[in-house]
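Please read all numbers here as calculations on a predicted model, not as lab measurements.
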Amino acid sequence: MKELVEVIAKALVDSPEEVTVTETEDDRTINVELRVAPSDMGKVIGKQGRIAKAIRSVVKAASSKESKKVNVEIMQ
């Protein structure tokens, strides 16, 4: 999941070198934290959160093979 979020985020932002993705895994959940440059936050979130919602939908679809819930958090 980490690689998927990283590829999507780097395609959206102006500063792809500042994109960092960390992944932590529990028994039932995978937590993915996405950090981007402050100037790129709007590009990753989108109007009314549409892009952030789309990223979460793609990751959820990709994780359907695993029996774990995936949480994507966008941090500053």
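Closest heavy-atom contact between V44 and I51: O-CG2, 3.2 Å.
Here the side chains of V58 and I8 are in contact, with some heavy-atom distance below 4.5 Å.
Looking at residues two or more places apart in sequence or on another chain, you find a side-chain contact (heavy atoms from CB on, under 4.5 Å) between Q76 and P38, M41. Contacts of K60 classified as salt bridge (charged side-chain N to carboxylate O under 4.0 Å, His left out), with partners at least two apart in sequence or in another chain: none. With sequence neighbours excluded, the residues satisfying side-chain contact (heavy atoms from CB on, under 4.5 Å) with A62 are M1, L4. Partners of V7 by side-chain contact (heavy atoms from CB on, under 4.5 Å), not counting sequence neighbours: none found. In this structure K53 satisfies the side-chain contact (heavy atoms from CB on, under 4.5 Å) test with no other residue, sequence neighbours excluded.
Interatomic distance, N31 CG to N71 CG, rounded to the nearest 0.5 Å: 5.0 Å.
Judged as a side chain to side chain donor-acceptor pair (under 3.5 Å), the pairs with a partner in residues 3-12 (not counting sequence neighbours) are, in order, E6-K10. Residue pairs meeting the salt bridge (Lys or Arg N to Asp or Glu O under 4.0 Å) criterion with at least one partner in residues 29-44, sequence neighbours excluded, are D14-K43, E33-R35, D40-K43.
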Table please: side-chain donor-acceptor pairs of residues 16-26 below 3.5 Å, with sequence neighbours left out.
{"residue": "E23", "atom": "OE2", "partner": "K2", "partner atom": "N", "Å": "3.1"}
{"residue": "E25", "atom": "OE2", "partner": "K68", "partner atom": "NZ", "Å": "2.4"}
{"residue": "D26", "atom": "OD2", "partner": "T29", "partner atom": "OG1", "Å": "3.4"}

